Amino acid sequence: MSDLFPLTVRGATTRRRGKVLVGPVDLTLSGNGACVVIGPNGSGKTTLLRLLHGAARLSSGTIDWACPMAKARRAQAFVFQRPVMLRRSVLDNIAYPLIIRGTSRAQARAQARDWAERVGLGDMLDRAAPVLSGGEQQKLALARALIGQPKLLFLDEPCTALDGSAMREIEQILTDAKAAGTRLILSTHDMGQARRLADQVVFLLRGQVHESGPAAEFFETPRTEQARAFLKGDIVE
Amino acid sequence: MSDLFPLTVRGATTRRRGKVLVGPVDLTLSGNGACVVIGPNGSGKTTLLRLLHGAARLSSGTIDWACPMAKARRAQAFVFQRPVMLRRSVLDNIAYPLIIRGTSRAQARAQARDWAERVGLGDMLDRAAPVLSGGEQQKLALARALIGQPKLLFLDEPCTALDGSAMREIEQILTDAKAAGTRLILSTHDMGQARRLADQVVFLLRGQVHESGPAAEFFETPRTEQARAFLKGDIVE
Amino acid sequence: MKMAVTTSFHNSGLAEVLLPEIMKDLDLEVQLLVVGTGQALKLGRAGDVDAILVHSKAAEEVFVAEGFGTHRREIMYNDFVFIGPSADPAAIAGADSAAASLQKIATAQAPFVSRGDDSGTHKKELSLWVAAGLEPAAFGDWYKAVGAGMGAALNTASGMNAYILSDRASWLNFGNKGDLALLYSGDPVLFNQYAYLPVNPALHSHVKTDLAQKLEDWLVSDRAKELIDSYQINGETLFVFNAKPE
Amino acid sequence: MTDLWDGLAQALWLVATFDPELVEIAARSLRVTLSALVVASAIAMPLAALLAVRRFRWRRVIIAILNALMGLPPVVVGLVVYVMLSRAGPFGVLGLLFTPTAMIIAQVIIIVPLIASIAHQSLRDLWQDYHDLLISMNVTQWQKIRTLLWDTRRALLTAALAGFGRAIGEVGAIMIVGGNIDHATRVLTTAIALETGKGDFALALALGFVLIGLAVAVNLAIHWLSRTEREGRW
Amino acid sequence: MTDLWDGLAQALWLVATFDPELVEIAARSLRVTLSALVVASAIAMPLAALLAVRRFRWRRVIIAILNALMGLPPVVVGLVVYVMLSRAGPFGVLGLLFTPTAMIIAQVIIIVPLIASIAHQSLRDLWQDYHDLLISMNVTQWQKIRTLLWDTRRALLTAALAGFGRAIGEVGAIMIVGGNIDHATRVLTTAIALETGKGDFALALALGFVLIGLAVAVNLAIHWLSRTEREGRW
Ligand SMILES: Nc1ncnc2c1ncn2[C@@H]1O[C@H](COP(=O)(O)OP(=O)(O)OP(=O)(O)O)[C@@H](O)[C@H]1O
Ligand SMILES: Nc1ncnc2c1ncn2[C@@H]1O[C@H](COP(=O)(O)OP(=O)(O)OP(=O)(O)O)[C@@H](O)[C@H]1O
Ligand SMILES: [Mg+2]
Ligand SMILES: [Mg+2]
């Protein structure tokens with residue numbers, strides 16, 4: 001927690017074939033709670049999250065954690081927009097992060113069973129993960145990310161495929177994690193969810209941070225024209 | 001339109017390794033407009049849509065269109081929950097359905113350019129489709145489905161990855177299509193969207209049709225306990 | 001012990017008669033490596049076999065002179081024969097010498113398959129052409145140097161219906177005769193001497209000299225003489241034992 | 001060991017001096033193998049796509065057999081082709097035995113299962129991706145095959161290269177059907193076998209190194225050429 | 001043509017009567033090839049996984065070379081192994097030449113590139129799926145390799161079967177290093193070559209059919225055994 005943050009991003013940029021996907025981004029994140037990244041489709045939310053996590057290559061600029069990079073990486077987990085299912089059973093998927101850290105198989109499975117229960121997958125432990133429904137895959141990815149008790153959890157639109165009650169449950173789990181000291185960085189298109197979870201907001205537009213600040217402030221009195229339009233659901237130019 | 005419907009489903013069931021995923025489903029769909037399939041995660045929405053479309057194998061029961069099966073299939077299109085991107089450019093992806101029907105390459109591309117513009121992908125025609133962002137992929141899938149002017153369009157949670165304004169635009173496109181006589185069968189977790197688009201509602205629970213009827217009626221006065229709970233966003237048992 | 005032998009010797013089938021007897025008499029298991037003459041000499045030079053049995057006098061003498069073999073012991077001989085299409089377009093059947101039949105083939109420009117692999121048979125064939133006053137290097141398309149073992153060359157000749165020089169044993173044992181027939185034989189220049197060469201233990205200490213010696217003694221014995229001389233295929237005697245006692 | 005160094009030195013020498021005989025047989029090797037490759041690819045790739053796309057009763061059995069045929073003993077292939085093409089055989093009248101055409105036929109038989117198997121793997125994986133979409137679009141069998149072949153062309157290149165390598169290095173079959181006739185059907189591999197039989201291991205190795213160098217060069221060239229496309233990430 | 005039918009008839013006869021000589025050499029073929037397969041798989045599969053998982057400077061070049069080596073001419077492999085194992089060579093003291101061990105070594109060299117290339121294809125595709133997740137989990141290189149190998153085991157089976165087929169049908173190399181010694185190093189393919197040289201095509205073809213039958217049987221058996229698992233759809 002405190003040993004990861006503050007996170008300092010200076011001029012971070014990702015390019016592909018000369019085209020700038022994201023950046024330059026300057027950002028400082030500190031303290032606890034959830035930082036919600038919002039922005040129109042293709043504005044670079046996914047790319048930014050991956051960049052912060054170290055899963056995408058930085059073309060220029062720097063990203064510095066309060067501790068060495070390797071240590072910071074180990075304390076993080078990521079739930080991807082399109083969850084990746086290992087070609088194994090649900091149980092083995094959830095237990096996987098523990099097993100690669102050397103936890104005994106029996107213990108890992110016991111914990112995985114717990115987590116499957118908590119996200120509502122308790123009755124399909126032996127099912128092959130790739131055949132799960134969209135929502136079930138998202139739940140699995142979340143359980144798999146949380147089982148390792150990360151200090152920082154990235155979530156890329158984690159509730160898109162969930163039904164109403166599952167969304168509420170997952171939000172509850174996230175709020176609990178937050179209270180227990182896990183720091184969240186998540187992207188979402190659901191402004192309701194953003195309001196419920198966010199302590200801090202980053203508003204992206206065309207690959208750049210257009211506005212950022214405390215959540216209450218941003219949602220009440222957005223400073224820029226574009227943020228106001230986005231919150232109303234209008235097209236942002 | 002009229003030559004596809006009424007659709008009559010009798011005892012349709014899908015099993016995998018003995019386990020019933022969906023069914024038995026009895027259903028009759030007729031007339032124009034949109035039929036919205038709702039239900040909790042894993043209730044079988046995706047499976048039912050695929051079953052109706054003929055993309056999943058029927059284990060027992062019958063699905064009858066008002067015209068021969070082969071003809072009915074040709075008049076349909078499907079937007080999958082996880083859009084499939086052909087490993088080609090955005091333009092070639094959208095043009096693909098026309099090209100396989102024998103439209104000349106130039107004409108297909110011209111139309112594809114139009115549709116890309118309409119869904120908001122106009123400035124990334126030459127990008128490789130697999131690198132698109134989640135929302136962009138959904139838009140592409142939609143344009144690709146609509147370009148063939150299907151009489152019946154299946155949409156499996158088509159707006160989950162879209163931002164607010166894109167969602168509004170897509171809903172407008174769908175409403176226009178509906179007005180032009182295209183019949184829609186879509187699933188969604190967004191009850192707001194369901195209310196906006198639905199003429200008829202099918203509420204699935206554990207693989208079976210729990211309740212179905214005209215949209216207005218269903219949303220105002222759901223007949224069953226479970227439907228009421230679901231609409232409130234409570235856990236449905 | 002391991003012995004490298006030429007394809008033609010092995011194809012004759014004589015090995016299958018001799019080896020069990022050797023096993024019986026000497027309690028010695030001889031493992032045969034069936035390779036081309038050149039390769040057999042090569043294996044001997046490298047010390048990978050204990051002895052070799054080949055039929056290419058000049059090369060053998062060099063082998064011994066260079067010290068790779070202790071000595072050269074002649075064991076037996078058979079003979080070469082001319083094979084060709086049964087219709088015999090070059091009419092060599094009535095020729096009075098090997099040289100004459102070769103001249104007829106060259107004149108008729110009838111297809112002729114040459115081993116072309118530097119083997120004992122090939123060298124013999126070349127020397128025969130020279131003896132007939134002809135120069136193989138100047139031949140036209142009808143002369144096919146196939147670069148293959150005896151069996152493969154016979155297969156090719158059979159496929160092309162061409163003339164070929166073969167040792168009698170390989171020919172008699174050959175199963176894919178097709179339209180081919182034995183057309184000429186008997187000229188003494190066609191004799192084909194087989195010799196036994198033990199590998200020099202001074203160069204390769206691991207060589208089983210004692211076993212090689214035992215085998216040599218057996219090969220020149222009366223017992224071997226009887227077996228070799230009485231070996232027949234289709235009623236034809238193939239080999240003539242001619243080892244001289246030391 | 002000296003043979004190895006001698007071989008390397010000779011290989012360099014042969015290549016550096018453009019030894020005319022080497023050039024002749026190397027060119028023949030390439031010509032025969034490339035012809036075989038084109039024919040085999042034209043057969044194997046659509047076949048592989050068909051096996052990926054169509055579900056029929058014996059599909060898995062056919063795939064298993066195709067896998068098994070990857071190991072078709074070249075000598076047996078050579079024999080069968082020989083028997084077929086020999087004058088006593090059904091195609092004897094064509095007079096193809098001991099010609100480069102016969103060698104091409106044998107090579108095609110040997111590499112079709114290899115190319116088909118390797119291609120099938122990639123095609124099947126892509127088909128798993130595309131399956132839902134193409135099925136839902138009512139694409140005809142033939143269009144499915146074309147789409148898959150086109151979109152997986154880079155992997156197909158690997159399959160073709162594998163076939164090329166196998167064909168150019170093959171000797172058992174073409175020795176039998178080609179006959180290793182000097183200036184007519186002698187190629188690199190049969191020349192190597194010949195020199196081995198002669199006991200001239202150094203020359204045999206030299207030719208072998210030239211052959212390997214040729215195969216590696218073709219592979220690197222193709223990989224390098226397909227590099228531009230790779231940038232697109234698929 | 002008659003040779004073909006004779007061959008088939010003889011093949012049936014040999015198998016039906018359990019001809020002791022056939023059983024001996026077929027068993028030796030299987031023993032040698034299976035040993036080579038185990039060793040080669042143990043080398044090739046982790047190598048393939050490493051090439052899928054690690055990005056280093058020469059990665060693509062190594063993959064291209066591996067592809068090229070799929071076509072390593074068996075005769076050349078045989079020669080190199082011979083030179084190494086010969087009494088005059090560096091490993092001569094081991095006395096391995098003309099033993100089944102030498103044949104296994106040659107086969108391993110021949111099939112490692114084949115198995116690695118085919119395995120690499122599947123591993124790379126799975127890695128594209130898994131990449132993000134495993135990277136984000138800070139999985140060590142070795143764990144990545146283990147995870148990939150385990151989750152793609154069915155495709156690896158295909159790679160192994162391809163290697164098996166290639167090895168059991170190979171003759172050029174094992175002829176040189178094994179020597180085709182009766183009752184010691186004679187296997188099916190060298191026996192076929194021998195009978196071909198004798199012009200006994202029918203017997204050669206018969207042995208060839210037995211060999212092909214063996215390869216097909218092994219393939220079908222494995223495919224059938226892995227069927228249960230297939231049901232899980234991956
Ligand atoms: N390899 C690439 N080459 C070219 N463009 C790329 C590449 N990868 C991503 N992009 C583009 O970069 C932009 C940002 O993508 P990103 O996935 O970060 O968007 P996003 O904000 O997550 O969008 P969404 O809300 O739709 O998920 C998109 O327009 C995408 O098409
Ligand atoms: N091959 C299979 N084997 C076993 N179970 C399966 C298989 N395919 C799907 N299922 C299960 O069938 C159920 C229905 O899946 P489906 O994808 O239709 O749900 P859904 O209603 O679309 O859910 P979501 O809202 O999460 O997308 C799920 O619980 C899923 O895990
Ligand atoms: Mg995104
Ligand atoms: Mg679904």
Side-chain angles (χ1 to χ4, degrees), chain D residues 1-4 7 60-61 63-65 67-76 78-80 82-84 88-90 114 117-118 121-122 125 155 158 161-162 164-172 176 188-189 192-193 196 201 204-205 207-209 211-212 215-216 218-220 222-223 227, chain E residues 1-4 7 60-61 63-65 67-76 78-80 82-84 88-90 114 117-118 121-122 125 155 158 161-162 164-172 176 188-189 192-193 196 201 204-205 207-209 211-212 215-216 218-220 222-223 227:
Chain D
M1 273 311 263
T2 48
D3 281 329
L4 220 54
R60 285 190 61 82
V61 172
I63 293 171
I65 291 177
N67 279 331
L69 291 189
M70 261 201 271
L72 261 190
V75 186
V76 178
L79 279 178
V80 172
Y82 178 97
V83 168
M84 290 294 167
L114 179 72
S117 284
I118 300 187
Q121 266 202 44
S122 316
D125 286 352
T158 310
L161 283 175
F164 173 82
R166 178 81 198 265
I168 203 165
E170 137 59 24
V171 59
I176 296 177
L188 278 170
T189 49
I192 294 171
T196 306
F201 286 6
L205 282 168
L207 292 173
F209 293 138
L211 177 51
I212 295 174
V216 171
V218 168
N219 269 272
L220 286 181
I222 301 276
H223 271 260
R227 218 191 149 102
Chain E
M1 274 311 263
T2 48
D3 282 329
L4 222 53
R60 286 193 62 82
V61 172
I63 292 172
I65 291 178
N67 280 332
L69 293 190
M70 262 201 271
L72 261 190
V75 185
V76 177
L79 279 177
V80 172
Y82 170 89
V83 167
M84 292 294 166
L114 179 71
S117 285
I118 301 187
Q121 267 202 46
S122 316
D125 286 351
T158 310
L161 284 175
F164 173 82
R166 178 82 199 265
I168 204 165
E170 138 58 26
V171 59
I176 295 177
L188 277 170
T189 50
I192 294 171
T196 306
F201 284 6
L205 282 168
L207 292 173
F209 293 138
L211 177 51
I212 295 173
V216 171
V218 168
N219 268 273
L220 286 181
I222 300 276
H223 271 260
R227 217 192 150 102

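Here the structure is a predicted model, which means the values were calculated and not measured.
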Interface residue of largest heavy-atom contact number with chain D, from E/Gly89, E/Gly169, E/Pro74, E/Gly78, under 4.5 Å
E/Gly169

Reported OH-to-OG1 distance for the pair E/Tyr82 and D/Thr196, which is rounded to 0.5 angstrom:
11.0 Å

Rounded to the nearest 0.5 Å, how far does CG of E/Leu114 lie from CZ of D/Arg166?
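Rounded to the nearest 0.5 Å, the CZ-CG separation comes to 8.0 Å.
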
Which of the residues [options] is involved in the greatest number of heavy-atom pairs with chain E at under 4.5 angstrom?
options	value
D/Leu69, D/Asn67, D/Val218	D/Asn67
D/Ala64, D/Gly7, D/Ala204	D/Ala64
D/Leu220, D/Ile192, D/Ile118, D/Ile168	D/Ile118
D/Ala68, D/Ala215, D/Gly208, D/Ala167	D/Ala68

Go through the atoms of [X] and report whether side chain, backbone, both or neither lie under 4.5 Å from a heavy atom of chain D.
X	value
E/Asp125	side chain
E/Leu188	neither
E/Ser122	both
E/Val61	both
E/Phe164	neither
E/Leu211	side chain

Run the numbers on D/Val75 and E/Thr189 for side chain to side chain contact (heavy atoms under 4.5 Å, CB included), then give the verdict.
CA-CA 8 Å; D/Val75 186; E/Thr189 50; 5.9 Å; no

The criterion is side-chain hydrogen bond (donor to acceptor under 3.5 Å, both in side chains); which residues satisfy it with D/Asp3, sequence neighbours excluded?
C/Lys42

With sequence neighbours excluded, what pairs up with D/Thr158 under the side-chain hydrogen bond (donor to acceptor under 3.5 Å, both in side chains) test?
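side-chain hydrogen bond (donor to acceptor under 3.5 Å, both in side chains) check on D/Thr158 returns nothing, list empty.
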
Test side chain to side chain contact (heavy atoms under 4.5 Å, CB included) applied to D/Leu205 and E/Val80, step by step
CA-CA 8 Å; D/Leu205 282 168; E/Val80 172; 3.7 Å; yes

Please assess D/Met70 against E/Leu161 for the test side chain to side chain contact (heavy atoms under 4.5 Å, CB included), listing each intermediate value before the final yes or no.
CA-CA 9 Å; D/Met70 261 201 271; E/Leu161 284 175; over 6 Å; no

